[in-house]
Student: 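Once you've had a glance at the structure underneath, I'll fire off some questions.
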Amino acid sequence: MDIERTNIEGILIVRPKFYEDDRGYFTELYSQRGYSPLVSDKESVQFNYSHSSKNVLRGLHYQISRPQGKLVQVLKGKIFDVGVDIRKDSPTFGEHFSLVFGNEDRIQIYFPPGIAHGFCVLSEYADVTYQCTDYYYPDDEGGVLWNDPDLNIKWPIDDPLVSEKDQIFKKLSELDEKEYPIF
């Protein structure tokens with residue numbers, strides 16, 4: 001596998017090896033032996049799958065006292081994927097990484113704990129998986145407003161479909177100290 005670093009420490013673009021012939025192709029989506037410690041030294045404990053229609057925007061989500069690392073992959077479709085660094089002591093605090101990618105790109109993105117994650121769907125629909133390094137705890141969820149002007153994220157859709165919950169998150173500058181991820 002090839003790993004590419006990004007502008008945010010810990011956010012990685014992972015290019016798994018593909019083995020192709022006239023029948024199709026084969027790849028390992030995850031192998032603890034191959035991914036640890038290159039991607040994350042924590043084992044994935046929960047695998048999530050989302051199916052979303054065009055223009056759906058999910059995020060920006062994170063967990064507070066049990067922050068998750070997430071390995072994201074698009075199985076079908078195309079998304080605009082975003083990670084915002086909300087680690088208070090990070091030199092890139094408040095900065096974001098974004099990338100348009102889909103199943104044809106055959107990549108994965110790893111977002112380490114302390115990154116608020118979100119994406120929007122650019123194709124008719126998208127099937128996205130994410131492996132998490134901790135379990136989801138509904139009472140521990142935090143979020144940052146997806147269209148916080150201070151983040152300057154250039155979402156590539158004009159009229160996204162956003163859940164009520166995601167529309168009422170605070171801007172990053174409005175978060176209380178107890179709303180940041182705890183390490």
Student: Considering only heavy atoms from C-beta outward, does the side chain of V121 approach that of S123 to under 4.5 Å?
Tutor: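 They are in side-chain contact.
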Student: A side-chain contact here means heavy atoms from C-beta on lying under 4.5 Å apart; do F97 and V82 qualify?
Tutor: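 No, their side chains stay 4.5 Å or more apart.
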Student: With L172, which of D150, L151, D85 fulfils side chain to side chain contact (heavy atoms under 4.5 Å, CB included)?
Tutor: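 Going through the options one by one, the only one that passes is L151.
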Student: Judged by atom type as modelled, is there a donor-acceptor pair below 3.5 Å linking the side chain of T133 to the main-chain atoms of Q68?
Tutor: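 It does not hold such a pair.
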Student: How long is the span from the CG atom in L145 to the CG atom in L175, to the nearest 0.5 Å?
Tutor: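 Those atoms lie 10.0 Å apart.
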Student: With a 6.0 Å cut-off on ring centres, are H51 and Y125 close enough?
Tutor: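 That pair passes the under 6.0 Å test.
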Student: Under a single-linkage definition using a 4.5 Å side-chain heavy-atom cutoff for Ile, Leu, Val, Met, Phe, Trp and Tyr, are I109 and V128 assigned to the same hydrophobic cluster?
Tutor: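 Yes: a chain of side-chain contacts under 4.5 Å links I109 to V128.
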Student: Would you call R66 and D140 a salt bridge, using N to O less than 4.0 angstrom?
Tutor: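 No, R66 and D140 are not salt-bridged.
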Student: State whether the side chain of Q167 and the backbone N or O of V162 hold a donor-acceptor pair below 3.5 Å, judged by distance alone.
Tutor: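 Confirmed, Q167 side chain pairs with V162 backbone.
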Student: Quick one about N7 and H96 (side-chain donor to acceptor, distance below 3.5 Å, no hydrogens or angles considered), yes or no?
Tutor: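 No, no side-chain donor-acceptor pair sits under 3.5 Å.
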Student: Quick check: does any side chain N or O of T92 sit under 3.5 Å from a backbone N or O of E95, one acting as donor and the other as acceptor?
Tutor: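 Not at all, since once roles are kept as given, no pair shorter than 3.5 Å links the two residues.
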Student: Can you name the ring-ring contact (aromatic ring centres under 6.0 Å, His included) partners of F80, sequence neighbours left out?
Tutor: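 ring-ring contact (aromatic ring centres under 6.0 Å, His included) list for F80, sorted by chain: W155.
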Student: Quick one: do E20 and R106 satisfy salt bridge (Lys or Arg N to Asp or Glu O under 4.0 Å)? Show the steps, please.
Tutor: CA-CA 12 Å; E20 276 187 276; R106 299 179 177 179; 3.0 Å; yes
Student: Going from CG on L99 to OG1 on T6, what distance comes out if it is rounded to the nearest 0.5 angstrom?
Tutor: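 Here the rounded value is 9.5 Å.
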Student: Do K170 and E179 meet the salt-bridge criterion of a basic N to acidic O distance under 4.0 Å?
Tutor: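 Salt bridge flag = yes for K170 with E179.
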Student: With a 4.5 Å cut-off on side-chain heavy atoms, are I153 and S98 touching?
Tutor: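 Heavy-atom side-chain distance check fails, nothing below 4.5 Å.
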Student: A side-chain contact here means heavy atoms from C-beta on lying under 4.5 Å apart; do R87 and P67 qualify?
Tutor: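 No; the side chains remain at least 4.5 Å from each other.
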Student: Between the side chain of E141 and the main-chain N/O of P138, is any donor-acceptor distance below 3.5 Å?
Tutor: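 No; zero donor-acceptor contacts below 3.5 Å.
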Student: Quick check against the 3.5 Å criterion: does Q46 have a side-chain atom that pairs as donor or acceptor with the backbone of Y136?
Tutor: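 Yes: the side chain of Q46 pairs with the backbone of Y136.
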Student: Could you tell me whether the side chain of Q63 and the main chain of Y135 form a donor-acceptor pair under 3.5 Å?
Tutor: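 Yes, the answer is positive, given that a donor and an acceptor are paired below the 3.5 Å cut-off.
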Student: Can K88 be said to sit on top of F93's aromatic six-ring, NZ or CZ under 6.0 Å from centre and within 45° of the ring axis?
Tutor: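 The answer is yes, since K88 meets both limits relative to F93.
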